[in-house]
Q: 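Handing you this structure, nothing more for now.
First the proteins, then the strands, lettered A, B, ... as listed; each starts at 1.
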Amino acid sequence: MAKAPIITPQAEDFPRWYQDVLNKAELADNGPVRGTMVIRPYAYAIWERMVAEVDRRIKEAGAENAYFPLFIPESYLQREAEHVEGFSPELAVVTHGGGKDLEEPVVVRPTSETVIGEYMSKWIQSYRDLPLLLNQWANVVRWELRPRLFLRTSEFLWQEGHCAHASQHDAAVYAERILRDVYEDFMVNELAIPVFTGRKIPQERFAGALNTLTCEAMMRDGKALQMGTSHELGQNFARAFDIGYQDENGGRQLCWTTSWGVSTRMMGGLIMSHGDDRGLAVPPRIAATQVVVILVKDDDQGSAGDAARRIGAELTEAGIRVRVDDQASTPFGRRATDWELKGVPVRVEVGPRDLADGQVVLVRRDSGEKTPVDIAALSVTAANMLVTIQDAMLDAATQRRDSATVDVMTVAEAADAAATGYARIPFDRLGESGIEELGRTAVTVRCLQTADGGLPSTDDAPGTVALVARSY
RNA sequence: CGGGACGUGGCGCAGCCUGGUAGCGCACCUGCUUUGGGAGCAGGGGGUCGGGAGUUCAAAUCUCCCCGUCCCGACCA
């Protein structure tokens with residue numbers, strides 16, 4: 001029996017589709033204060049997987065976790081001119097505490113360069129203390145004018161790395177290392193989201209940075225999403241917070257600092273990169289539930305239910321993240337669509353009919369393909385299928401992106417291409433006037449690349465290519 | 001913050017123009033029958049209509065102010 005669509009089709013109204021997925025897959029709700037977000041358990045479990053995988057890579061890159069306070073003296077922000085200017089409009093400021101006015105207002109951190117800079121200054125004395133590689137997992141607050149769940153909320157969860165280096169070269173190398181070995185590697189290999197990596201133009205840089213490197217993904221509506229950034233802060237913060245050291249020759253030097261972050265925005269990216277008209281689709285490696293064992297219907301003795309639970313235990317034993325849905329009182333079709341909505345990569349259907357043949361049915365969320373499998377071979381087949389799905393999802397996402405990325409030579413062509421995806425245009429063909437012209441239709445330069453897709457070392461290196469698109 | 005749309009049980013909506021204190025679908029609860037792709041029947045519970053002020057004998061319906069949500073724009077992880 002054909003039913004009305006469960007969620008608004010993407011082609012009909014993409015923003016509404018996004019809202020529907022958020023609601024129906026039980027991912028998030030608006031908080032009571034404007035712009036705030038409640039992350040529901042199913043989404044939070046995925047976030048925890050993201051945290052685990054990013055954290056592992058951060059530690060491999062040599063950084064250590066620490067924690068700095070939520071409250072920052074307002075005066076700290078003011079020490080770096082561009083930084084204050086950039087963040088002032090979106091600060092939450094506490095002026096009252098303990099029943100009286102505070103002598104100095106404190107801001108709720110919008111990012112922690114300033115406090116961490118203050119402590120780096122205390123902790124670094126010698127070149128032997130460098131590099132100092134710190135990271136913290138925290139919540140930050142930026143009073144956003146136009147919030148959207150996961151993509152831009154007034155409070156969000158993230159990881160912020162803050163490092164001090166002895167030289168500009170060391171800082172640049174590390175900023176790029178984080179971009180590649182932590183962010184790009186994580187996004188491509190865990191989230192199955194291909195990203196363009198590149199350099200931000202001055203207008204798009206982090207407030208107070210010399211250079212901002214970015215990972216830009218493409219959502220299924222053709223709009224770009226900035227998934228993560230890595231900044232070279234030069235000596236701006238080192239100067240403002242007196243982060244310095246004594247070198248081998250006894251000379252006094254200023255440090256070169258970097259900062260880098262990814263946030264719960266990645267959840268939004270995950271949803272909009274892989275989701276389809278049946279709901280969310282989570283790549284197996286990041287899925288909190290990789291396989292759902294669903295009891296189609298039980299028999300009189302309850303032996304099918306027992307079999308389903310036993311199969312669940314076997315899959316768990318094999319190292320797969322499993323949930324068993326044996327709520328046989330709810331009709332099968334209902335539960336099947338619910339798990340598809342939540343995007344669980346593989347569904348194992350267990351019912352009396354299959355069991356009689358010693359089989360179960362595996363169903364892929366990405367392709368919908370159904371495969372009968374002998375129970376004896378289930379663990380191995382399921383594990384292989386998860387690998388196959390991971391690869392297939394990355395391939396599909398890469399194909400979608402590449403087919404919506406066009407090389408052009410004029411601003412008019414770029415505007416045209418950006419209506420549905422990315423346009424690549426030689427940067428000198430774009431120029432300031434081109435940037436402004438595209439800006440009128442909300443098309444912006446997402447990043448700059450060298451001709452072969454590498455990272456340009458300056459803003460105006462010859463042969464630089466600009467990737468332009470509409471963005472979130 | 002500027003422009004637009006909207007706010008009625010958990011969700012989606014009707015009612016508002018032509019004031020007379022609330023209705024539908026889904027969801028939820030109970031029972032029975034069902035269960036291999038969003039089950040059926042029967043019986044139930046839940047809202048005072050985003051908030052406030054006003055007009056009126058009477059306001060979900062009219063007026064004003066405020067708040068919130070969504071879309072577009074400027075800003076951004």
Side-chain angles (χ1 to χ4, degrees), chain A residues 1-8 13-16 18-20 22-24 26 29-36 85-90 110-111 138-161 183 200 203-207 212 214-217 225-231 259-269 278-279 294-299 304-305 326-341 347 349-356 359-361 363 368 370 372 439-444 470-472:
Chain A
M1 186 179 359
K3 289 270 181 176
I6 297 159
I7 53 177
T8 307
D13 185 344
F14 197 84
R16 179 127 193 199
Y18 183 72
Q19 286 294 128
D20 285 351
L22 256 25
N23 290 329
K24 297 284 178 63
E26 301 179 331
D29 262 338
N30 284 308
V33 173
R34 181 189 160 74
T36 60
E85 197 188 331
F87 281 104
S88 292
E90 47 191 75
T111 177
N139 57 337
V140 288
V141 169
R142 300 178 187 179
W143 217 258
E144 295 293 348
L145 298 175
R146 193 181 159 194
R148 284 196 103 195
L149 290 178
F150 288 121
L151 301 175
R152 197 184 310 101
T153 46
S154 291
E155 178 193 8
F156 57 94
L157 307 182
W158 76 344
Q159 143 293 299
E160 49 178 325
Y183 295 161
K200 284 291 187 187
Q203 300 90 301
E204 302 266 338
R205 267 182 212 141
F206 177 77
T212 289
T214 180
C215 294
E216 300 282 330
L225 181 71
Q226 180 174 308
M227 298 270 288
T229 45
S230 182
H231 316 286
S259 72
W260 30 278
V262 292
S263 72
T264 36
R265 171 179 280 185
M266 291 192 296
M267 274 298 304
R278 290 193 296 176
I294 174 166
L295 173 62
V296 177
K297 62 180 282 192
D298 215 340
D299 42 31
D326 57 1
Q327 302 298 302
S329 59
T330 301
F332 168 76
R334 173 53 184 276
R335 292 178 290 141
T337 46
D338 278 352
W339 288 112
E340 278 171 2
L341 215 35
R347 181 169 78 239
E349 298 180 354
V350 181
R353 198 192 292 163
D354 307 294
L355 289 171
Q359 292 191 325
V360 292
V361 176
V363 186
K370 299 190 178 189
R440 283 197 282 274
T441 51
V443 175
T444 50
R470 294 167 302 142
S471 75
Y472 280 97

Q: Do D326(A) side-chain atoms and G305(A) backbone N/O form a donor-acceptor pair below 3.5 Å?
A: no

Q: If you go through the side-chain atoms of R440(A), does one of them form a donor-acceptor pair with the base of G73(B) closer than 3.5 Å?
A: no

Q: Rounded to whole Å, please give me the gap between CD in E216(A) and C1' in A77(B).
A: 11 Å

Q: Heavy atoms under 4.0 Å, any strand shown: does D338(A) hit a base, just sugar-phosphate, or nothing?
A: base

Q: Would you kindly give the CD-to-P distance between E160(A) and A77(B), to the nearest whole Å?
A: 13 Å

Q: Between N30(A) (CG) and C6(B) (C1'), how many Å, whole number?
A: 15 Å

Q: Within the structure shown, what part of the strands sits under 4.0 Å from T153(A) by heavy-atom distance: base, sugar-phosphate, or nothing?
A: base

Q: Would you mind classifying the nucleic acid contact of T330(A) as base, sugar-phosphate or nothing, using non-hydrogen atoms under 4.0 angstrom?
A: base

Q: Between U63(B) and G25(B), how many Å separate the two P atoms, rounded to a whole number?
A: 31 Å

Q: Of the listed nucleotides (G36(B), G12(B), U69(B)), which one gets closest to any side-chain atom of R16(A)?
A: G12(B)

Q: With a non-hydrogen cut-off below 4.0 angstrom, is G269(A) in contact with a base, only sugar-phosphate, or nothing?
A: nothing

Q: Could you pick out which residue, G31(A) or G86(A), lies toward the 5' side of RNA chain B when each is mapped onto its nearest nucleotide?
A: G31(A)

Q: Has the side chain of K370(A) got a donor or acceptor atom sitting under 3.5 Å from an opposite partner on the base of G37(B)?
A: yes

Q: Where the side chain of F206(A) is concerned, which of A77(B), G73(B), C1(B) is the nearest nucleotide?
A: A77(B)

Q: Is the ring of F332(A) stacked on the base of G36(B), with centres less than 5.5 Å apart and planes under 30° off?
A: no

Q: Between N23(A) and T36(A), who's closer to the 5' end of RNA chain B by nearest nucleotide?
A: N23(A)

Q: What's the gap between C75(B) and A59(B) when it is taken at their C1' atoms, as a whole Å value?
A: 41 Å

Q: Rounded to whole Å, how long is the line connecting atom CH2 of W143(A) with atom P of A77(B)?
A: 18 Å

Q: With a 3.5 Å distance limit and no angle check, can you tell me whether R34(A) reaches the backbone of L145(A) through a side-chain donor-acceptor pair?
A: yes

Q: Per the atom types in the model, does the base of C71(B) pair as donor or acceptor with the side chain of R148(A) at under 3.5 Å?
A: no

Q: Can a donor-acceptor pair be found, under 3.5 Å and without considering hydrogens, that links the side chain of R265(A) to the backbone of L151(A)?
A: yes

Q: Rounded to whole Å, how long is the line connecting atom NZ of K24(A) with atom C1' of A27(B)?
A: 10 Å

Q: Once you apply a heavy-atom cut-off of 4.0 Å, does R146(A) come out as touching a base, just sugar-phosphate, or nothing?
A: base

Q: Distance check, P atoms only: G73(B) and C11(B), in whole angstrom units.
A: 28 Å

Q: Looking at every strand, decide which applies to R353(A) at a 4.0 Å heavy-atom threshold: base, sugar-phosphate, or nothing.
A: base

Q: Select base, sugar-phosphate, or nothing to describe what G261(A) touches, counting heavy atoms under 4.0 Å on all strands.
A: nothing

Q: Nearest to the E349(A) side chain among G37(B), U69(B), C75(B), which nucleotide is it?
A: G37(B)

Q: Which residue in the set Q226(A), H231(A), E204(A) passes side-chain hydrogen bond (donor to acceptor under 3.5 Å, both in side chains) when paired with T212(A)?
A: H231(A)

Q: Taking all atoms of both residues into account, what is the closest heavy-atom pair of G268(A) and F150(A), and its distance?
A: N-CB, 3.7 Å

Q: Considering every strand and a 4.0 Å limit on heavy-atom distances, what is the contact class for E144(A): base, sugar-phosphate, or nothing?
A: base

Q: Under a 3.5 Å cut-off for both contacts, is G12(B) paired Watson-Crick or G-U wobble with anything, and if yes, with which nucleotide?
A: C24(B)

Q: Using a cut-off of 4.0 Å on non-hydrogen atoms, how would the nucleic acid contact of E340(A) be classed: base, sugar-phosphate, or nothing?
A: base

Q: Spell out yes or no: do the side chain of D354(A) and the base of G36(B) have one donor N/O and one acceptor N/O closer than 3.5 Å?
A: yes

Q: Just call it for P89(A): base, sugar-phosphate, or nothing, with non-hydrogen atoms closer than 4.0 Å on any strand.
A: nothing

Q: I need the minimum non-hydrogen distance between V350(A) and V360(A), along with the two atoms involved.
A: CG2-CG1, 3.8 Å

Q: Determine yes or no for a side-chain-to-main-chain donor-acceptor pair under 3.5 angstrom, with D354(A) supplying the side chain and Q359(A) the backbone.
A: no

Q: Base, sugar-phosphate alone, or nothing: which one does R470(A) contact when heavy atoms must sit under 4.0 Å apart?
A: nothing

Q: Please name the nucleotide paired to C6(B) by Watson-Crick or G-U wobble geometry with both distances under 3.5 Å, or report none.
A: G68(B)

Q: With both distances kept under 3.5 Å, what pairs with C32(B), Watson-Crick or G-U wobble?
A: G40(B)

Q: Measure from CG on D326(A) to C1' on U35(B) and round the result to the nearest Å.
A: 14 Å

Q: Across the strands shown, which category fits P15(A) at heavy-atom distances under 4.0 angstrom: base, sugar-phosphate, nothing?
A: sugar-phosphate

Q: Could you state the atom-to-atom distance from CG of L151(A) to P of C72(B) in whole Å?
A: 11 Å

Q: What distance, rounded to whole Å, do you find between the two C1' atoms, one in C71(B) and one in U33(B)?
A: 47 Å

Q: Distance criterion of 3.5 Å, no angle test: do you see the side chain of R142(A) paired donor-to-acceptor with the base of C76(B)?
A: no

Q: Would K200(A) and E216(A) pass as an ion pair if we require N to O under 4.0 Å?
A: yes

Q: Please report the distance, rounded to the nearest Å, between CG in L22(A) and P in C70(B).
A: 10 Å

